[in-house]
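A quick write-up on the structure given underneath.
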Amino acid sequence: MKLRLVTLTGTKVDEDVYEVMLPTAAGDIAVFPDHEPLVTVAVPGVISVRRKATDSDDLLEVYAVTGGVIEIDGKIVNVLVDDADHSSEITEAEAKEALERALKLQASATNQVELEKAHQLVDRHLVRLKVADLHRRHRRG
């Protein structure tokens with residue numbers, strides 16, 4: 001099946017894959033070829049891509065994504081999100097610093113708008129940190 005991962009800045013992935021694990025509002029789902037048609041909401045989380053059925057978990061490609069929309073038609077998985085960062089694009093130390101700044105913003109928020117923006121930043125940087133950790137573990141294995 002084909003995976004298309006599209007962000008506001010362009011296409012991150014447009015290739016044939018075997019399996020895609022996606023973060024949805026109802027929980028993480030795994031999508032294989034000939035999956036039932038589905039349109040759902042993507043939540044901030046990790047997208048994992050297995051290119052071949054024989055690929056081990058150490059060979060999964062992982063992306064940190066923000067929220068968006070997922071459309072599956074059995075042959076194509078379209079994922080439209082604001083941002084998607086490949087694990088190789090994330091530096092763990094920078095992600096930790098960004099998370100600390102976001103937590104300080106959250107703690108000092110004085111109104112609902114500031115609090116909501118801080119929550120979004122915390123969620124984004126928690127996901128980026130998780131993807132950086134996965135990348136580090138896969139490189140060890």
Side-chain angles (χ1 to χ4, degrees), residues 1-109 111-141:
M1 78 184 153
K2 175 147 318 249
L3 169 64
R4 289 188 190 131
L5 174 58
V6 180
T7 71
L8 293 175
T9 58
T11 301
K12 287 281 194 169
V13 178
D14 186 5
E15 61 188 72
D16 291 330
V17 300
Y18 172 71
E19 176 187 12
V20 182
M21 287 158 272
L22 302 163
T24 72
D28 291 346
I29 63 170
V31 178
F32 295 90
D34 299 320
H35 191 282
E36 290 289 320
L38 175 69
V39 176
T40 189
V41 175
V43 296
V46 178
I47 291 179
S48 301
V49 179
R50 187 180 315 271
R51 288 193 163 71
K52 298 176 186 169
T54 56
D55 285 352
S56 69
D57 287 353
D58 289 341
L59 296 176
L60 292 175
E61 294 282 328
V62 290
Y63 296 85
V65 298
T66 57
V69 176
I70 298 167
E71 177 187 36
I72 303 166
D73 75 357
K75 303 287 181 213
I76 301 173
V77 177
N78 288 305
V79 181
L80 310 173
V81 293
D82 290 341
D83 291 310
D85 298 312
H86 186 270
S87 60
S88 64
E89 300 171 333
I90 300 170
T91 305
E92 191 168 2
E94 290 176 3
K96 281 182 182 175
E97 290 175 13
L99 176 60
E100 289 172 13
R101 288 192 304 271
L103 289 169
K104 286 180 183 174
L105 280 175
Q106 188 178 36
S108 66
N111 60 51
Q112 193 61 34
V113 173
E114 289 178 3
L115 188 59
E116 181 58 33
K117 182 172 174 127
H119 279 305
Q120 289 175 357
L121 287 171
V122 168
D123 288 347
R124 179 171 191 249
H125 294 301
L126 281 171
V127 170
R128 288 175 51 86
L129 203 51
K130 182 177 180 180
V131 167
D133 183 55
L134 288 170
H135 182 70
R136 183 172 34 83
R137 288 183 193 186
H138 290 173
R139 288 177 42 188
R140 269 196 231 152

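- Side-chain N or O atoms of T66 include one that pairs as donor or acceptor with a backbone N or O of D82 at under 3.5 Å.
- With rounding to the nearest 0.5 angstrom, the NZ atom of K52 is 9.0 Å from the CG atom of L59.
- With a 4.5 Å cut-off on side-chain heavy atoms, L22 and V77 count as touching.
- No side-chain heavy atom of E15 sits less than 4.5 Å from a side-chain heavy atom of V49.
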Could you go step by step and tell me if L38 and I29 meet the side chain to side chain contact (heavy atoms under 4.5 Å, CB included) rule?
CA-CA 11 Å; L38 175 69; I29 63 170; 3.8 Å; yes
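- Under a cut-off of 6.0 angstrom, the local environment of NZ in K2 is crowded, with over 12 non-hydrogen atoms contributed by other residues, nucleotides or ligands.
- No side-chain heavy atom of I47 sits under 4.5 Å from any side-chain heavy atom of I70.
- T7 places none of its side-chain heavy atoms less than 4.5 Å from the side chain of D83.
- In this structure, R4 and I76 have side chains that are in contact, with non-hydrogen atoms separated by less than 4.5 Å.
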Assess the residue pair I90 and R128 against the criterion (side chain to side chain contact (heavy atoms under 4.5 Å, CB included)); give the C-alpha distance rounded to whole Å, side-chain angles, the decisive distance to 0.1 Å, and a yes or no.
CA-CA 7 Å; I90 300 170; R128 288 175 51 86; 3.8 Å; yes
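- Remark: K75 engages D34 in a salt bridge, criterion side-chain N to carboxylate O under 4.0 Å.
- Applying side chain to side chain contact (heavy atoms under 4.5 Å, CB included) to R50 and the options V20, D57, V17 leaves one that passes, D57.
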Go through the steps for E89 and K12 under the test salt bridge (Lys or Arg N to Asp or Glu O under 4.0 Å), then give the verdict.
CA-CA 12 Å; E89 300 171 333; K12 287 281 194 169; 3.1 Å; yes
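- With rounding to the nearest 0.5 Å, the separation of CE in M1 from CD1 in I72 is 8.0 Å.
- Here the shortest heavy-atom pairing between S88 and H86 reads OG-ND1, 2.8 Å.
- Nearest heavy atom pair, residue Y63 against residue V13, reads OH-CG2, 3.1 Å.
- Among the candidates Q106, R101, K117, the single residue satisfying the side chain to side chain contact (heavy atoms under 4.5 Å, CB included) test with V122 is Q106.
- The nearest pair of heavy atoms linking Y18 to P33 is O-CD, 3.1 Å.
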Show your working on side chain to side chain contact (heavy atoms under 4.5 Å, CB included) between V81 and L5 and close with a plain yes or no.
CA-CA 8 Å; V81 293; L5 174 58; 4.0 Å; yes
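- Using a 4.5 Å heavy-atom cutoff, the side chains of V79 and L3 are in contact.
- Of all heavy-atom pairs between H135 and S87, the closest is ND1-OG, 3.0 Å.
- Shortest non-hydrogen contact noted between A102 and A118 is O-CB, 4.2 Å.
- Put simply, the side chain of L105 does not reach to within 4.5 Å of the side chain of E114, judged on heavy atoms.
- Closest heavy-atom contact between V62 and S48: CG1-OG, 3.5 Å.
- Screening R124, K104, H125, E94 for a side chain to side chain contact (heavy atoms under 4.5 Å, CB included) involving L99 leaves a single residue, H125.
- T24 places a side-chain N or O within 3.5 Å of a backbone atom of A26 that can act as its donor or acceptor partner.
- Checking side-chain atoms of K130 against main-chain N and O of V46 turns up no donor-acceptor pair under 3.5 Å.
- Atom CG of L134 and atom CG of D58 lie 11.0 Å apart (nearest 0.5 Å).
- For the atom pair CG (L60) and CZ (R51), the distance works out to 10.0 Å, reported to the nearest 0.5 Å.
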